[in-house]
Every structure is written in C-alpha cells, then in structure tokens.
Amino acid sequence: MEQKFTTKDTLPNIGPHRDSDAGLIGCAPAPRGVLRFFICSRDRPAILRRCIEGLGQVLREASLDGQAICYIVDDSTRPEFSAYEHSIVGSADSNGLQIEVVDRTWQDAIYERLAGLGSGPLTLLKSATRKLGHGAWDLAGVRNFAFLLAYCYSNEDDLVVFLDDDILLTSAVYRGRFVEVDGAPLIRELMSSTSRGDLVASGAAYFGQVDGSVMDHLRLVSEDTLRLLLRDPHGCDASEEAALLLDQLRLFPSTLPVQLAFAGARDSIEGPGVSGALLATTPASLHSHFLPLCYNEDWIWLALLGRPGAAINKASHRALHASPPQQEIVSGVLDYQNIGEIVYRAVRTAVDDAPPGCTALEQCEETILADHFLSAKESLMREMRSLLDVRARIERSSSGWPNEGDLRLSARSALVGIERFIEDALVRTEAADHAALHLWFRHYLADIPAWRNLLDGARTRLCEDIETHGSTRR
C-alpha cells in the first residue's frame, strides 16, 4: 500500500458525512454508527503496534458489521517514531481496521482551518489543547485535542472510544503471568451500555498494573506488606513474600513499586471505577465540557458528566493495563499528581454535597467552594502522614516473627528513601494555595460555554471542507 502523509493542504476525508468502503468487520447487524477509536501516543511505537494489533483482532472476533476507524494522535518527539507510526497504517488496514495518523502537520492544518472562527475560540483551542510533538508529556492537553477531533469527525450515532497505547484487549503475558482477556465481549458491552445521544461514558477495570498515582502504588504495596506480616508468624511463605515487597519498596524512587491486579483481584474503591485509559462515550458528552489541564483530568471530567450516579457505566469484563516499568520518579511528578488529586477530591465532594435535580456540572458550578479544596488538601496530607508511619507499623507487625530483627532492618532500609521523599512532598502539599486552586477551577468552569461554541464552529467548518473537497487531496 502506498504510504500517504497528510500535508497542510490536505484534510483526510474521514468525517461524519462520508460513506466509506473501509473494512467491514464480521457479519452481525451494526448496532450503531461508526466505531471511532482514539489513541494518544508518544515515543512508544512498539507498545502502540501491540495495542492496535490486539484491537484489530478483537474487532474481528466481536463480529461487528460496520466501519471502524482508529485515529493515532501522534505526539512523537522524534521523526523516526512518527515514521514508524505511519508504517503501521498499511498492515492495520489489511486487517480490516482503518488507521489514520493525526500528526503535527494535520494539527497545523486544522488550526489553519479554524483560524476564521475568531481570536476567542482559537485562543481557547490553543490553551486547552497542546501542540503535538513539543514540550513535556501533557496527556490532558493531547486528550482535549482528541476530544475536538472526535466531535468534529463524528455523527451523533457514532461511538467514540479512547484507548491508551498500553491497554491490551487480548490475552498476553505480563510481568511473568499469563493474563486472559475477553476483549470481544468487552467491546460489545461498551457499545451496548453507551446510549447514543446521552451524557454517558462506559469503561472497565484492569488486570495488570493498577491505574493509580505514585502515592496509590506506595500505599497499596505497603499495605500488602503489612497484611502479610499479620499472618501466622510461623509460616515461611508470608515472610518471604513480605521480603520481596520490601525489596521493591527499597528501589524507590529510582523505580516505582507497583500494585498488580490479576484474576480474582478486587476492584479499586478509588475514583469512579473507570478511567480515560479505556473509555467509550458519545459526541454529546465531549460537547458537555473539556478536560481540565491537571492530573486526574479524566476522573474530574467523569465526575462532572451527566447526572450524578447515572452517567458512568462499568463493564463486567476487564482489559489489561500492560504498562512498562516506570523509572526514576522525580519530586515534580508527585507534586503534579497531588495537585490533581486535591482538585478531584474537591470536585467529587462538591458534587456529592449538592442537592438533586440537576446535572453534576450544574451542581458543581453552584456549590464548589474554596473550603472543598482545603478539605481535599487536608485529607491527602493525612494519607501522606499515614504512609510515613508505615515503618513503625511494620515493626509492630513483625513482633513475634522468627526473623523479627531481619524484617525490621529490611523495613528500615526499604522505607528510608520513601519517608524522605514523602516528607519533602508533604511540605510542598501543605504550602499549596487552596484558594488559588479554587479560583483556577472556577476559570475552567467559566470556559466551558466557550468550549461548546468552539466545537460547534469547528465541526461546521471541518465538515464544510470535507463536503467541498470530497475524497480528493488537494
């Protein structure tokens, strides 16, 4: 297949008014319009290829009759990685899944097309999204650009699915264990639970690496260590397992010790239970509001969607979060995550506190106060202080074990780096200005009507281009 790159003068004809002869998948009647997948990826071509190959396999197994398009939002910082992503197009097309690589050239073409909307919409576009392939990794900004693409190129009957490149919908070996994934029924379940035209989103829990923050992983691995030490002190298995976990904790911050979930794992009680790593939604939901530019942007977006308790669906099947090992956790990462955690907790509490009868977004606009951010900061600081007490709790739990002295020494060695890291982060978290965070979030809420106007104008303008130029490339 001839490789075709987008130029500034060509916008691919893959919009909402196109009747395409793209691959038909299976033979069952189509339950809705086009399936549009969006994968935001940066500098991980091999991981991306594995994700897309699995997606193509699952779509064939699901026996869906209809068009499926996967948009790779290419945030690559190196030309060779971007070229590799373009090379994926031919092999994926041959498997019945149409692939479009949205690179910085395509983004520039879209910005150029939308310049006629005026300075206000264009300013919001460039502040809410980010320029592909430049600067530090900013998932919220890239996802907002994907939101705009998804809305502009979709009809109301289409299903929009956001997928991280390290999410697998097929069975695989991960961290030395075979993980069975039923991707076809998962896709069908996401489709059936995401009602067209509604403010709704559907997601799934994950096998593999728990989709959480640095603090989440440190807390969960530490709690597992404590649980093991509360078992029968005369059993050797628990002692050996605890020693292995302490070995993982000892590597922090050069390597993040991660909590893994395999068959039989309990669902996380943190957050909404689903995340943007695998999320099916509707164009109407994308039009509702955009993602705030902070950590936990997907959880915040979900908390503000539709009516409280009625807008989020969780599939019974799981995907596999096959994240590669995370190296060298710097203090700035934890600070960034902690600010996002404060914002999410404040929003969730504000929505929970509001009276019934309106949408979560309306409730939040009416009720969110600076005090919500102060309370959220205080609750996070209590958790951080609790993590600082882990070594003392481990030492108390190891009392009576045959190798009590060795365990205490191991815990002291393993946790000294974590304690120092958390103590420093605690000082910075305490200094966070909750009133300034509240004001920042108020500005985000105030920009939402402009976001809706931007999407409406962008869809009209891009659809005009598609209808005018048809399938030709100028």
Side-chain angles (χ1 to χ4, degrees), residues 209-231 238-239 241-260 268-271 294-296 299 325-346 348-349 372-401 403-434 437:
Q209 181 170 315
V210 169
D211 190 21
S213 66
V214 171
M215 280 286 297
D216 290 334
H217 285 286
L218 293 177
R219 176 177 54 81
L220 290 168
V221 175
S222 299
E223 288 175 354
D224 278 356
T225 306
L226 284 167
R227 275 193 291 271
L228 288 167
L229 293 175
L230 291 173
R231 295 182 184 177
S239 176
E241 291 179 40
L244 289 174
L245 292 179
L246 288 172
D247 286 342
Q248 291 184 38
L249 292 168
R250 186 178 292 107
L251 296 175
F252 183 84
S254 61
T255 302
L256 177 66
V258 296
Q259 178 76 3
L260 301 175
S268 171
I269 59 173
E270 300 294 328
C294 64
Y295 181 73
N296 274 342
W299 283 9
Q326 189 169 347
Q327 304 292 329
E328 192 59 39
I329 306 301
V330 298
S331 59
V333 170
L334 190 57
D335 295 342
Y336 172 72
Q337 291 185 350
N338 284 347
I339 292 298
E341 183 65 24
I342 292 171
V343 176
Y344 170 67
R345 293 184 186 198
R348 184 182 61 187
T349 304
H372 287 112
F373 290 84
L374 176 59
S375 297
K377 183 176 82 168
E378 290 172 342
S379 71
L380 178 61
M381 291 173 60
R382 285 193 295 270
E383 291 182 12
M384 296 173 75
R385 293 190 181 102
S386 177
L387 190 54
L388 288 174
D389 192 42
V390 164
R391 191 207 313 171
R393 286 184 286 163
I394 287 178
E395 290 180 349
R396 290 194 296 270
S397 300
S398 64
S399 178
W401 283 78
N403 57 343
E404 176 182 341
D406 291 341
L407 278 173
R408 289 189 176 185
L409 181 61
S410 180
R412 188 173 299 113
S413 172
L415 298 172
V416 62
I418 293 175
E419 290 172 350
R420 187 181 305 116
F421 202 88
I422 297 300
E423 284 171 351
D424 291 344
L426 187 58
V427 172
R428 294 189 296 273
T429 301
E430 187 171 15
D433 188 338
H434 66 278
L437 280 177

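Keep in mind that the numbers below use all heavy atoms, side chains included, and drop hydrogens, waters and symmetry copies.
If you take CD on E423 and CD1 on I418, they are separated by 12.0 Å, rounding to the nearest 0.5 Å. With rounding to the nearest 0.5 angstrom, the OG atom of S379 is 10.0 Å from the CG atom of L374. To the nearest 0.5 angstrom, L380 atom CG is 11.5 Å from E430 atom CD. Note: L228 CG to L244 CG = 9.5 Å, rounded to the nearest 0.5 Å. Interatomic distance, CD of E241 versus CZ of R227, reported as 12.0 Å (0.5 Å rounding).
Between T429 and L334 there is no side-chain heavy-atom pair separated by less than 4.5 Å. Between L218 and F421 there is no side-chain heavy-atom pair separated by less than 4.5 Å. Residues L387 and M384 are not in side-chain contact: their nearest non-hydrogen atoms beyond the backbone lie 4.5 Å or more apart.
Among all heavy-atom pairs drawn from V214 and Q337, the shortest one is N-OE1, 2.8 Å. What you find for G340 and N296 is that their closest heavy atoms are O-ND2, 3.6 Å. Heavy atoms only, all atoms of each residue included: I422 and M215 are closest at CD1-SD, 3.7 Å. Heavy atoms only, all atoms of each residue included: L437 and F373 are closest at CB-CD2, 3.8 Å. Listed here is the closest heavy atom pair of G212 and Y295: C-OH, 3.7 Å. A376 and R345 make their closest contact through CB-CB, 3.6 Å (heavy atoms, listed as atom of the first residue, atom of the second, distance).
Remark: side-chain polar atoms of K377 are not paired, donor with acceptor, to backbone N or O of H434 under 3.5 angstrom. Judged purely by atom type and a 3.5 angstrom limit, R348 has no side-chain atom pairing as donor or acceptor with the backbone of W299.
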Under 3.5 Å donor-acceptor pairs involving side-chain atoms of residues 248-256, not counting sequence neighbours:
residue, atom, partner, partner atom, Å
R250, NE, S413, OG, 3.1
R250, NH1, D247, OD1, 2.5
R250, NH2, S410, O, 3.3
R250, NH2, S410, OG, 3.0
S254, OG, L251, O, 2.5
T255, OG1, Q327, OE1, 3.4

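D433 meets the side chain to side chain donor-acceptor pair (under 3.5 Å) test with no other residue; sequence neighbours excluded. Listed by chain and number, the residues in a side chain to side chain contact (heavy atoms under 4.5 Å, CB included) with R428 are S331, D335, D424, A425 (sequence neighbours excluded).
Checked by atom type, the side-chain pair D216/S213 shows a donor-acceptor distance below 3.5 Å.
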